[in-house]
Amino acid sequence: MLMSEIAEYLERIENTRSKLEMTDILSELFKKCKSNEIAKLVYILQGRIKPPFTGIYLGIGEKYIIDAIALASGYPKKQVGQYYKKSGDIGKTAEHFIASKKQSSLSYEKLSLIHAHESLLKITEISGAGSQKIKIKKLAELFMKTSPLGARYLARFANGKLRLGVGDPTILDALSVYLAGSKSKRKSIERAYNLCSDLGYVAELVVKDPSKIDKFKLRIFSPIRPALAERLPNANAIFAKLGPCYVDSKYDGMRMMIHRKGDRVEIYSRRLDRITDMFPDVVRNALKLKAKEFIIDGEALAYNEKEHRYFSFQETMQRKRKYGIKEEAEKLPLNVFAFDLLYKNGRDYIDKPFRVRRKELERLIDKNNEGIKISAITFANSAKEIQDYFDECISQHLEGIIAKDPNAPYVTGARKFSWIKLKKSYAGEMQDTFDVAILGYYRGKGSRARFDFGGVLCGVYNPKRDMFETITKVGSGFTEEQMREFSKMLSKIRVKEKPNNVDSNMTPDYWVEPKYVITVAADNITLSPNHTCGIKENKQGKGYALRFPRMIMLRPLKDKDAYDSTTTKEIVEMYNLSRSQAKDIKSK
Ligand code: ATP
């Protein structure tokens, strides 16, 4: 398929705000694709060149793209740069100049999807002296071969974002519509995706061999989308939900899935990045374990020998850097606390109940193990026993507990009540934290004017709608340094209009591409006519909002991006829970 043809579909998607229509257009586009094209198309729709665990990213900086547009169109760089500054859209800039380019080209509109993908992949491999010039030239060649509309999406893609407002849920729906004419296949396609984290590969199977989708099995060295925990406010609520259950210690570190087969070990982050090279000490320890093949899930954190305490999440995250890896590994050795086992020596445990997985994990890792340890766990037969273990964990400076349903399978990529978290901060009842996506920001007034930053408009993600819905404006909790940093960081992802995947009744001074996540604390959740979080589902037609929000920290992108923010469903559940608690207190 030609990029110019694909671009026409993408434009139709860009011009609609209806997810149903987007799904239909996408499935129509999938039908036009050949089986060797679909994976590449899906990666492009995800704004990637390859799945995240390959570590191959495109993201060519705007400056290079401007140079390439200038080279392809024959206009001076300065003019292209000025147009970009005014339009704020690298895609529209490419489209404008390619449409009026000075040299005509015979191969106009002949750029195929396969060729574009291959060339962009090659661009990611170019390095060394003079590489910038070669990259610009290669990109310019692609611009010259496609239509102005093709150039729009090529430029945006090269920059790492298509701006269509299409997230994974919409792609999954479209694949189901492609396969079955309805969303009936969505669950099994999503299951396959959760097991391998490669939506391009899954799409290819849908087209080539759909019978394999239902029988899809996990594969070693294909990262599995990690199970997530629901939350409840106290031990009583947890016991009422689960009955007798395991209570695991909650370590505040960095999530890691470790895969091993023979002498090869790979480590994947919560966001499915391959992070093996950053943790040579973890690799060494994984090779010491008795089984030759396994996949384990755990949390890694550094231990401070002097102070006899574990380092916090932020401190541990500093280990995730590119340089000084060896020195850091010696200075801050990581302990991995394994808490689940998904695969061992040819046996798939993913659908086995937790009690079976835990036994196998105990067989793999004994208590005295160094480096890779097993999480400290207990079995609770009452709410009091849950509470007692929670108190014990807190007294050991742990973050809290995760209660686990003994009979539940490992639920990939989803937040289900098979795991329920109870954290220290919840104990105070009035305070909870939320991970919200930044959707826009405000100019600073008064003393903040010099930072051009006065706070952020934030939202949560609603996967059902594949939309971000606003929940709060956050203005407090920022240090001067953070204001400076935020203003700089956000000005780079500013967009002229409200993004397609944002539902908002408010208009900030600047809209941004949903990308960054901040953790905020708030006193409680209230109903508000101003915010759109959950408004579609709320009987009173009101949205949910956070009251008295304060910024706690910016989540590193490697750890969470906008799509990993708190979901609308979680907010609604938390709101309902706090209401029922309030009623309980009143009736006592
Ligand atoms: P989430 O991962 O739920 O989106 P988050 O990253 O903010 O949220 P928390 O809400 O603090 O993290 O809790 C869930 C996380 O706790 C898990 O993703 C995992 O990284 C970590 N964790 C620590 N100990 C355990 C354990 N014993 N079992 C499961 N998860 C654990």
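In what follows, every heavy atom counts, from backbone to side chain, and hydrogens, waters and symmetry copies are set aside. Both counts, for ligands and for their atoms, begin at 1 and track the order of listing. Position 1 is the first residue of the sequence; numbering continues from there.
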State plainly whether the residues [X] and [Y] are in salt-bridge range, i.e. N to O under 4.0 Å.
X: R547; Y: D523; result: no
X: K161; Y: E513; result: no
X: R255; Y: D559; result: no

Subject >> Contact (N/O only, under 3.5 Å) between K560 and ligand 1 >> reply: yes

Are there over 12 heavy-atom neighbours, none belonging to [X], within less than 6.0 Å of that residue's [atom1]?
X: K498; atom1: NZ; value: yes
X: K183; atom1: NZ; value: no
X: K290; atom1: NZ; value: yes

Subject >> Close aromatic pair by centroid cut-off 6.0 Å: Y349 and F354 >> reply: no

Subject >> Near-ring test F486/F478, centroid separation under 6.0 angstrom >> reply: yes

Check [X] against ligand 1 and report side chain, backbone, both or neither, counting heavy atoms closer than 4.0 Å.
X: D559; value: neither
X: K250; value: both
X: P226; value: neither

Counting each atom of ligand 1 from 1 as listed, which ones have a heavy atom of [X] under 4.0 Å away?
X: K423; answer: 9 (P), 10 (O), 11 (O)
X: L228; answer: 2 (O)
X: K421; answer: 1 (P), 3 (O), 8 (O), 9 (P), 10 (O), 13 (O)
X: D248; answer: 27 (N)
X: R415; answer: 1 (P), 3 (O), 4 (O)
X: D435; answer: 7 (O)

Less than 4.0 Å is my threshold; does some heavy atom of [X] fall inside it relative to ligand 1?
X: R555; answer: yes
X: M254; answer: no
X: R231; answer: no
X: F337; answer: no

Original post:
Under 3.5 Å, side chain of T532 to main-chain N/O of D503, donor-acceptor pair present?
Top reply: yes

